[in-house]
Amino acid sequence: MSGKNLKIHKAKKARFERVGLFLLNLSNHHHMKDHLQIKDWGFGIEGHVVIAGPCSAETPEQIEKVCLDMKKENMIPDIFRAGIWKPRTRPGSFEGIGEEGLKWMEIVRHHLNIPITTEVGNAAHVELALKHKVDVLWVGARTTVNPFAVQEIADALKGVDIPVMIKNPMNPDLQLWIGALERMHSVGINKLAAIHRGFSDSYDKRFRNKPNWSMPIHLKREWKGMEVINDPSHIVGNREGILETAQRAINFGLDGLMIETHHDPDNAWSDAKQQVTPKRLKEILSLIDFKDTLGSENPSEKLNDLRTAIDHLDDQFLDILQERFSLIDQIGAYKREHHLTVFQSDRWKYVMESRTQKGVEKNLSEKFMKELLYCIHEESVKRQEKQLREANPVKK
Ligand code: PEP
Ligand code: MN
């Protein structure tokens, strides 16, 4: 770009960003609060973060063996994970070793000298984790669903400087996920990240917890700079699918991976089917094509050209939408004059079916077409109903 163009481009960009910030501020001022990204947590972590370690701490020997195998394979993660308190779906299965296991984290520090993380589900867990100098905490999916529990954890963390990672809730509720991050932020925890571990879905047997890739993307849109780590182990629930899911997460721009790793997965006390050995973890990581999250500062000329073309198309798209809604308003006026209801089901059925078919012919997915049409139709009906309401106010 020439000097002059660059200047104009920068000025435009700055204006765009200002307007964007303003709108974002309007829509949700909480999410503009600063938080510190993983690279600024003080552990010297760069690029995609890798968190690995067993589902549960079982014995000191197990912890040592996992560490030694990681060392042998030269597969040292950025952060070592181990569950100490396990929220099991039904009682009777191994529910975690408890405080005893926190003492074994010294073994990890001794062999690997990396930060450790564990799950906390209540204030007592927080107190013990802090007492044993756990470096990073995570809140599990079963806890994120419960604002009382999340608030209790947040209150126990008031005044403490420790990074906290929030797993998505069991159900795909973005606000609940953001709400848990906000509860931490509002007690002063500013080292924050999210973890996408999929959502409970009893119908889809392909996954233990079905991923929903739009959810982390929405989260990143709503909370600028929020990093989302992917947990393919709990998404897939077996060893075989981990690589594919991890690669998809990276393709979607997620910021790291948490993968359950055990020296002897088959004999693990929890989640035996999904844990991998340090050797396999190394293989998985070497097979993943890690993409760069594009430095937004310096996109290449080619990318700039493509983005400019998109900007023009979006302008046209908005013009067409404006025209379409102006026709909708005219139809609304007609319906009003002739005392017709706003929603006409036959017409809607025809629009839906014919457009979806055309879209599919143009290589757009059926799901996307349906969502798009629903969205446009809903807005149309609302506009017409508003016209009707304004023209015939309810008599008081
Ligand atoms: C875990 O990481 O071991 C765990 C219990 O995860 P989740 O909260 O995602 O079920
Ligand atoms: Mn697990």
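Ligands are counted one by one from 1 in listed order, and the atoms in each one are counted from 1 as well. No experiment lies behind these values; they were computed from the predicted model shown.
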Please step through side chain to side chain donor-acceptor pair (under 3.5 Å) for the pair Asp271 and Gln274, ending with a clear verdict.
CA-CA 6 Å; Asp271 289 351; Gln274 73 197 28; 3.1 Å; yes

Please identify which atoms of ligand 1 are closer than 4.0 Å to at least one heavy atom of Gly140.
8 (O)

Can you tell me which residue and heavy atom of the protein come closest to atom 8 (O) of ligand 1, and the distance to 0.1 Å?
Ala141 N, 2.8 Å

Report the distance from atom SG of Cys55 to atom CD of Gln275, rounding to the nearest 0.5 Å.
5.5 Å

Given Lys167, Arg81, Arg197, which one has a non-hydrogen atom that is nearest to atom 6 (O) of ligand 1?
Lys167

Under 4.5 Å between side-chain heavy atoms, counting indirect links through other Ile/Leu/Val/Met/Phe/Trp/Tyr residues: same cluster for Phe199 and Trp138 or not?
no

Measure across Ile189 and Val164 and return the closest heavy-atom pair with its distance rounded to 0.1 Å.
CG2-CG2, 3.8 Å

Give me the atom names and distance for the closest heavy-atom approach of Ile76 to Lys71.
CD1-CA, 3.9 Å

When you draw lines from the Mn ion (ligand 2) to SG of Cys55 and to NE2 of His234, what angle lies between them, to the nearest 10°?
170°

Of all N/O/S atoms in Glu260, the name of the one nearest the Mn ion (ligand 2)
OE2

Of all N, O or S atoms in Asp271, identify the one at the shortest distance from the Mn ion (ligand 2).
OD2

So, 4.0 Å and heavy atoms of Glu119: is ligand 1 close enough to count as a contact?
yes

Please classify the Met258 to ligand 1 contact at 4.0 Å (heavy-atom distances, strictly less than): side chain, backbone, both or neither.
neither

Anything under 30° is parallel, anything over 60° is perpendicular, the rest tilted; go ahead and classify Phe252 against Trp213.
parallel

Aromatic plane relationship, His35 with Trp223 - under 30° parallel, 30 to 60° tilted, over 60° perpendicular
perpendicular

Asp271 N/O under 3.5 Å from ligand 1 N/O
no

